K.L.:
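Attaching a single structure in structure tokens format; questions to follow.
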Amino acid sequence: MVQSQWPYWLPLREDLRNISPYGAPQIEGVIALNTNENPFPLPQEVVAAMSERLSSVIADLNRYPDREATGLRTKLAHYISLTTGVEVSTENIWAANGSNEILQTLFLACGGGETLALGFTPSYSVHPLIAQITKTPWFAGSRDEDFRIDIAKAKKLIREKSPQLVFITTPNNPSGSSTSISDLKELAEATGSIGGLLIVDEAYAEFSDEPSAVTLLADFPHVVVVRTMSKAFAFAGARAGYLVAKPAVVHAARVTRLPYHLSALTQVAAETALEFAPAMQSEIELLIAERERVANAIVEVGFRVVPSSANFLLFSGFTGETGAIWQSFLDRGILIRDIGLRGFLRVTIGTPAENEQFIAALREIAE
Ligand SMILES: *Cc1c(COP(=O)(O)O)cnc(C)c1O
């Protein structure tokens with residue numbers, strides 16, 4: 001809907017009248033390589049265990065869920081301690097319906113009004129979107145041609161603008177490029193010196209070899225790491241995301257979350273998924289190998305690809321309009337992502353068979 005179509009009787013906020021709802025096309029009957037999901041269904045043993053656990057809570061759905069999601073947060077703390085080597089506890093974790101809700105909770109707690117939020121684009125477009133919805137002014141810093149952040153420039157920008165919220169997505173979406181932990185440390189120092197919060201969105205961390213920003217928490221209390229179970233964990237449909245931070249940040253999140261925001265079903269499903277973490281993530285190695293295979297195929301047809309530490313690839317070098325190339329893939333039954341960056345398209349790594357079909361379409365289109 002655009003502005004002129006809003007009915008006269010709807011007192012919609014003036015500043016929201018021209019915003020389109022966020023979302024990629026959801027199209028039936030195509031190979032969907034457009035939203036960075038893990039393409040593999042849950043393993044049978046997990047389906048069985050989850051079904052059993054879910055049916056045991058259904059009779060209790062007359063009651064509100066645990067407002068604090070303590071069981072789930074304890075399991076997330078264990079998972080983070082195990083995978084990052086940093087000992088964290090339940091009080092360092094907050095969980096919500098996807099990391100998008102975590103981001104919104106943070107914006108509601110620390111944004112709004114005079115607060116400035118800073119990001120480095122192109123990056124995850126939901127950050128500025130939630131900024132706008134929560135009336136938080138957003139400043140878009142830039143990345144270089146390789147989609148890397150120039151750290152000296154970034155530090156200068158942080159000192160000049162004094163943003164209360166600084167967003168870094170690493171590995172970055174849509175480029176797949178990483179910010180090194182030493183660069184993050186410099187950004188944490190700069191953000192700390194002006195009294196801001198450094199929010200590191202690690203939605204794709206499990207696909208990357210770079211140490212997590214969780215390792216910075218001991219020295220930098222103002223670092224917040226945002227994670228999701230939607231990508232590597234193959235759990236996008238369940239909606240489970242979380243943050244790792246100092247307990248004060250968790251307390252702040254409690255103030256702005258909605259009461260009973262995380263359903264009993266979600267809590268139990270996510271707890272079960274975490275108990276089966278190795279099984280849930282068993283395809284990560286294969287997806288990384290497939291990423292390299294697809295990247296090589298893209299280069300072989302004469303296109304360019306950005307080196308990626310995630311489960312997707314950003315490519316360029318095609319001739320013709322970006323939208324037309326996107327349509328050429330769709331005409332061949334492959335749905336990829338036009339992220340609004342002229343000359344670039346993003347493809348999620350699928351199953352080997354899906355990737356094969358993507359490569360076949362790629363070869364035809366490149367001819
Ligand atoms: C996919 C994605 C998310 C959102 O994940 P949900 O947990 O499904 O809400 C957050 N940040 C980035 C960078 C993403 O790509």
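All ligand and atom numbering here is 1-based and tracks the order in the structure. Small disclaimer: the values here were computed from a predicted structure and weren't measured. This chain uses plain numbering: 1 for the first residue, then up along the sequence.
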K.L.:
Please determine whether a side-chain nitrogen of the Lys or Arg among Lys156 and Glu160 lies less than 4.0 Å from a carboxylate oxygen of the Asp or Glu.
P.N.:
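Looking at Lys156 and Glu160, the cut-off is met.
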K.L.:
Charged N to carboxylate O below 4.0 Å: is that the case for Glu356 and Arg293?
P.N.:
yes
K.L.:
Can you sort out which atoms of ligand 1 are near Thr169, meaning under 4.0 Å from one of its heavy atoms?
P.N.:
13 (C)
K.L.:
Under 3.5 Å, is there a donor-acceptor pair between the Thr70 and Asp66 side chains?
P.N.:
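A pair is found: one side chain offers a donor N or O, the other an acceptor, under 3.5 Å apart.
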K.L.:
Just to be sure I read this right, does ligand 1 sit under 4.0 Å from the backbone of Ala203, its side chain, both, or neither, counting only heavy atoms?
P.N.:
side chain
K.L.:
Using a 4.0 Å cutoff against the non-hydrogen atoms of Thr228, which atoms of ligand 1 qualify?
P.N.:
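Numbered from 1, ligand 1 contributes 5 (O), 6 (P), 7 (O), 8 (O).
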K.L.:
On the ring face of Tyr242, is Arg227 found with NZ or CZ under 6.0 Å from the centre and within 45° of the axis?
P.N.:
no
K.L.:
Looking at Asn100, which atoms of ligand 1 are within less than 4.0 Å of one of its heavy atoms?
P.N.:
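Every atom of ligand 1 under 4.0 Å from some heavy atom of Asn100: 4 (C), 9 (O).
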K.L.:
List every atom of ligand 1 that sits less than 4.0 Å from any heavy atom of Ser230, numbering the atoms from 1 in the order shown and giving each element.
P.N.:
6 (P), 7 (O), 8 (O)
K.L.:
Hey, is Lys231 touching ligand 1 through its side chain, its backbone, both or neither, going by heavy atoms under 4.0 Å?
P.N.:
side chain
K.L.:
What residue among Thr228, Asn36, Thr169 forms side-chain hydrogen bond (donor to acceptor under 3.5 Å, both in side chains) with Tyr204?
P.N.:
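Filter result, single survivor: Asn36.
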K.L.:
Return the closest protein heavy atom for atom 11 (N) of ligand 1 as residue, atom name and distance.
P.N.:
Asp201 OD2, 2.7 Å
K.L.:
Atoms of ligand 1 less than 4.0 Å from Arg239 heavy atoms?
P.N.:
6 (P), 8 (O), 9 (O)
K.L.:
Decide, yes or no, whether a salt bridge links Arg254 with Glu91 under the criterion of side-chain N to carboxylate O below 4.0 Å.
P.N.:
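Glu91 and Arg254: salt-bridged.
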K.L.:
Are Glu364 and Arg332 ion-paired here, with the side-chain N under 4.0 Å from a carboxylate O?
P.N.:
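Judged by the 4.0 Å cut-off on N to carboxylate O distance, Glu364 and Arg332 do form a salt bridge.
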K.L.:
Within ligand 1, which atoms have a heavy atom of Tyr204 less than 4.0 Å away?
P.N.:
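Those atoms are 1 (C), 14 (C), 15 (O).
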K.L.:
When you compare ligand 1 with Ser99, is there at least one nitrogen or oxygen pair between them that comes in under 3.5 angstrom?
P.N.:
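Yes.
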